[in-house]
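Only this structure's heavy atoms are used, side chains among them; waters, hydrogens and symmetry mates stay out.
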2 protein chains.
Amino acid sequence: MPVVLAKELARVLEQEIIFGEIAPEARLVEEEVGERFGISRSPVREALRLVEQDGLVIRHPRRGIWASPVGRADLDEVYSCRLALEGLAAEQAARARAPSHVAALEKALAEMEAAHARGDVRAYFQGNVDFTDVIHDAAKNETLRRLLNGIGKQALRYRYLAYASAPELVTMSLSGSKDILAAVSQGNARLAREVTERLIRRSWDAIGAAIERGAAA
Amino acid sequence: MPVVLAKELARVLEQEIIFGEIAPEARLVEEEVGERFGISRSPVREALRLVEQDGLVIRHPRRGIWASPVGRADLDEVYSCRLALEGLAAEQAARARAPSHVAALEKALAEMEAAHARGDVRAYFQGNVDFTDVIHDAAKNETLRRLLNGIGKQALRYRYLAYASAPELVTMSLSGSKDILAAVSQGNARLAREVTERLIRRSWDAIGAAIERGAAA
DNA sequence: CATGTGAGTAGTGTATACAGTCTACAGTAT
DNA sequence: ATACTGTAGACTGTATACACTACTCACATG
């Protein structure tokens, strides 16, 4: 299986940004990144274009690239967009209502439940990401998928942080995900949108509160 | 003023795709593009990354890049997303309600009116694009702006095509734009969203009908 | 005829070198 | 002390060369 270095590198950098191994607003220098991974600047440049596309870095032409910031203002930007688009995705998924996607949602939910029962936040997070990815697939709209990718990764930083710091969010997320699955499997597009938007709003509020607490510390 | 070739080239290629000088699904070969513009493959590659980000080309790794398709399925993908995001932009613009943005909207609308009065579709189109850009600025949400850029250019192909082929759309667009301006200048966020969504829906229907007519020809 | 294999070529992906821009800092003038 | 200018170095952007992959076509085999 041949690999495109740029794409692989983009994936790694994104993970590092999401999980905080690359700090918000940290400078990314092409040569340094290349040295770290033992590759030349060409695929680094291309990878950084991809990471930029996903909103995780900001480029200032001829001056450099920085990891994008994390904070209340950024959260509000990302979540207002996410509210609009995740609601649309759920609606379109419910309309399409493909059995294989419903099965995949059930599987992801089972994994989330098991992780929750054993108190494993990281596994819960991964299950929840999988659940969200299935909804995006199930919407069968490639343009929407691309847009969701554009903010989904930004949102992941907040989602991970939130689950780790506010465990009641995990319970709320699990319950909301059950509602989404029910609406999608019944083909109820309007309900799917509503419960998705409700869950996003609650997450937004809870993450916002966690950030404000963080800011006060 | 120094220039980044990749960015300039991306702009040119996007214009050519939007106005049909590069046909839907046409193959774009790096070396050929470089020869056309007298530059090397490096900035061509970077430009094509940017154009891909805006949804106007599709890359198949190790195989090449093609202009993205135009058709009913693509229209529906783009417009369902646009409905969600343009509505949000108008809502946020009305909330922000900055006098300089209201003034810019009035100016753009005046230009649209003058163009309409003299039957100049291309100038009308440009005025309408300017109007839309002001709304995006006025929303003061950089993430949303980035997402709208991601589909706005895809939508431009349809918008231009539609105005040229269905003149009643121009009248409808002008009227809808007046409604949006009124709602934004009153700071009525809910109304701004509603009238924007109504206009987008009508455009979607009209463009869809124009495509079906085109398909039958 | 249908299918498989191998060679050649087109074109993408990566490495390296060079040119240009920006930033930081030292030196000089007021 | 402050402001301005010039220089060096860091780093981005572009050009070119090489390596690798995918596709096409000709030929061989069943």
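In this structure, the salt bridge (Lys or Arg N to Asp or Glu O under 4.0 Å) partners of A/Glu8, at least two apart in sequence or on a different chain, are A/Arg11. Residues that satisfy the side chain to side chain donor-acceptor pair (under 3.5 Å) test with B/Asn149, not counting sequence neighbours, are absent from this structure. For the side chain to side chain donor-acceptor pair (under 3.5 Å) test, residues two or more places apart in sequence or in another chain that qualify with B/Glu113 are B/Lys178. Taking the side-chain contact (heavy atoms from CB on, under 4.5 Å) definition, one finds that B/Arg122 meets it with B/Phe19, B/Asp120, B/Tyr160, sequence neighbours left out. Listed by chain and residue number, A/Ala10, A/Gln53, B/Arg49 satisfy the side-chain contact (heavy atoms from CB on, under 4.5 Å) test with A/Leu50 (two or more places apart in sequence, or in another chain). Every residue two or more places apart in sequence or in another chain that forms a side chain to side chain donor-acceptor pair (under 3.5 Å) with B/Glu91 is listed here: B/Arg95, B/Arg193.
Between the CG atom of A/Leu50 and the C1' atom of C/dG13 there is a distance of 13 Å, given to the nearest Å. Atom P of nucleotide C/dT12 and atom CD of B/Glu31 are separated by 9 Å, given to the nearest angstrom. Rounded to an integer number of Å, the gap from CZ of B/Arg49 to P of D/dG13 is 15 Å. Atom CD1 in A/Ile65 sits roughly 7 Å away from atom P in D/dT12 (whole-Å rounding). We find that CD of A/Glu32 is positioned 11 Å from P of D/dA10, with the value rounded to whole Å.
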Could I get a table of every N or O pair under 3.5 Å where one atom is in the protein and the other is in nucleotides 14-18 of chain C?
residue, atom, partner, partner atom, Å
C/dT14, OP1, A/Leu5, N, 2.5
C/dA15, OP2, A/Ser40, N, 2.8
C/dA15, OP2, A/Ser40, OG, 2.5
C/dA15, O5', A/Ser40, OG, 3.4
C/dA15, N7, A/Ser42, OG, 2.6
C/dT16, O4, A/Ser42, OG, 3.4

Could you go over nucleotides 20-24 of chain C and give all protein N or O partners under 3.5 Å, atom names and distances?
residue, atom, partner, partner atom, Å
C/dT21, O3', A/Arg62, NE, 3.4
C/dC22, OP1, A/Arg62, NE, 3.3
C/dT23, OP1, A/Arg63, NE, 2.7

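Among residues at least two apart or in separate chains, salt bridge (Lys or Arg N to Asp or Glu O under 4.0 Å) pairs with a member in residues 124-137 of chain A are A/Asp137-A/Arg145.
A donor-acceptor contact under 3.5 angstrom links the side chains of A/Asn141 and B/Ser80, judged on distance only.
Applying the 4.0 Å criterion to OP1 and OP2 of D/dG13, one finds that A/Arg59 has a side-chain N or O inside that range.
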